[in-house]
Amino acid sequence: MSNCLFCRIIKRDIPASVVYEDDEVLAFNDINPQAPTHVLVVPKRHISTLNELDGGDDHLVGGLVRRAAAIAAERGIAAGGFRTVFNTNRDAGQTVFHIHLHLLGGRGMAWPPG
Ligand code: AMP
Ligand code: ZN
């Protein structure tokens with residue numbers, strides 16, 4: 001997807017502050033952080049929204065969640081707590097249509113979210 005921002009980051013056409021990479025996943029700091037830790041955990045394969053997932057993606061999505069937890073542990077925020085969010089489509093405020101798991105932590109958070 002040549003016009004997808006996160007595909008371009010994955011291809012290194014656009015710079016990002018990368019915190020983790022393997023064959024399937026790239027994690028990088030959000031450019032507009034909403035918490036002391038705000039990392040986006042992204043599959044390298046383009047998937048627009050959670051609505052496009054199928055059963056074959058279970059391993060991939062599980063890997064995103066486990067990676068977010070591992071980064072939280074590395075940052076020392078696992079025990080205190082952190083938030084993980086997938087925004088999907090308009091009502092959730094999704095702006096980049098390549099799925100990404102937000103990892104937010106390092107401060108207290110309210111519930112419900114806005
Ligand atoms: P969402 O609103 O869930 O689609 O989240 C998209 C996120 O991507 C937002 O938190 C943006 O701040 C973030 N973002 C947009 N452009 C970049 C970029 N070039 N590098 C890192 N994060 C970005
Ligand atoms: Zn993409």
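In listed order, ligands and their atoms are each counted from 1.
Of all the atoms in ligand 1, the ones that sit under 4.0 Å from a non-hydrogen atom of Phe6 are 8 (O). Counting atoms of ligand 1 from 1 in the listed order, those under 4.0 Å from a heavy atom of Leu40 are 8 (O), 13 (C), 22 (N).
One distance of note links CD of Gln34 with CE of Met109; it measures 10.0 Å at 0.5 Å rounding. Taking CD1 from Ile9 and CD1 from Ile31, the interatomic distance works out to 7.5 Å, rounded to the nearest 0.5 Å. Put simply, SG on Cys7 and CG on Leu26 are 11.0 Å apart, with the number rounded to the nearest 0.5 Å. Within the model, atoms CG of Leu53 and OG1 of Thr88 stand 8.5 Å from one another, a figure rounded to the nearest 0.5 Å.
Heavy atoms of Phe28 found under 4.0 angstrom from ligand 1 belong exclusively to the side chain. If you look at Asn29 next to ligand 1, the close heavy atoms, those under 4.0 Å, all belong to the backbone. Under 4.0 Å from ligand 1, not a single heavy atom of Phe86 appears. Using a 4.0 Å cut-off between heavy atoms, Ile31 contacts ligand 1 through both its backbone and its side chain. Residue Gln34 does not touch ligand 1, judged by heavy-atom distances below 4.0 Å.
In terms of polar-atom proximity, defined here as any N/O pair under 3.5 Å, Thr95 does make such a contact with ligand 1. In terms of N/O distances under 3.5 Å, ligand 1 is not approached by His38. Residue Ile9 has no nitrogen or oxygen atom sitting less than 3.5 Å from a nitrogen or oxygen atom of ligand 1, judged on distance alone.
Of the candidates Ile99, Asp30, Leu5, Asn32, the one placing a heavy atom closest to atom 9 (C) of ligand 1 is Asp30.
A salt bridge is absent between Arg67 and Glu24: the closest approach of a Lys/Arg side-chain nitrogen to an acidic carboxylate oxygen does not fall below 4.0 angstrom.
Under the 4.0 angstrom criterion for non-hydrogen atoms, Gly93 is in contact with ligand 1. Taking 4.0 Å as the cut-off, Phe97 does not count as a neighbour of ligand 1 on heavy-atom distance.
Among all non-hydrogen protein atoms, the one lying nearest atom 1 (P) of ligand 1 is His100 NE2, 3.2 Å.
Nearest heavy atoms, Pro43 versus Ile10: O-CD1, 3.6 Å. Across Asp57 and Glu52, no two heavy atoms sit closer than the pair OD2-O, 4.2 Å.
Between the side chain of Lys44 and the backbone N or O of Asp22, at least one donor-acceptor pair lies under 3.5 Å.
In this pair, His102 and His38 present their aromatic rings tilted. The plane angle is within the 30 to 60° band.
Nearest N/O/S atom of His46 relative to the Zn ion (ligand 2): this is ND1. Note on His98: its N/O/S atom closest to the Zn ion (ligand 2) is ND1.
Residue-environment remark: CZ (Arg107) exceeds the threshold of 12 foreign heavy atoms within 6.0 Å.
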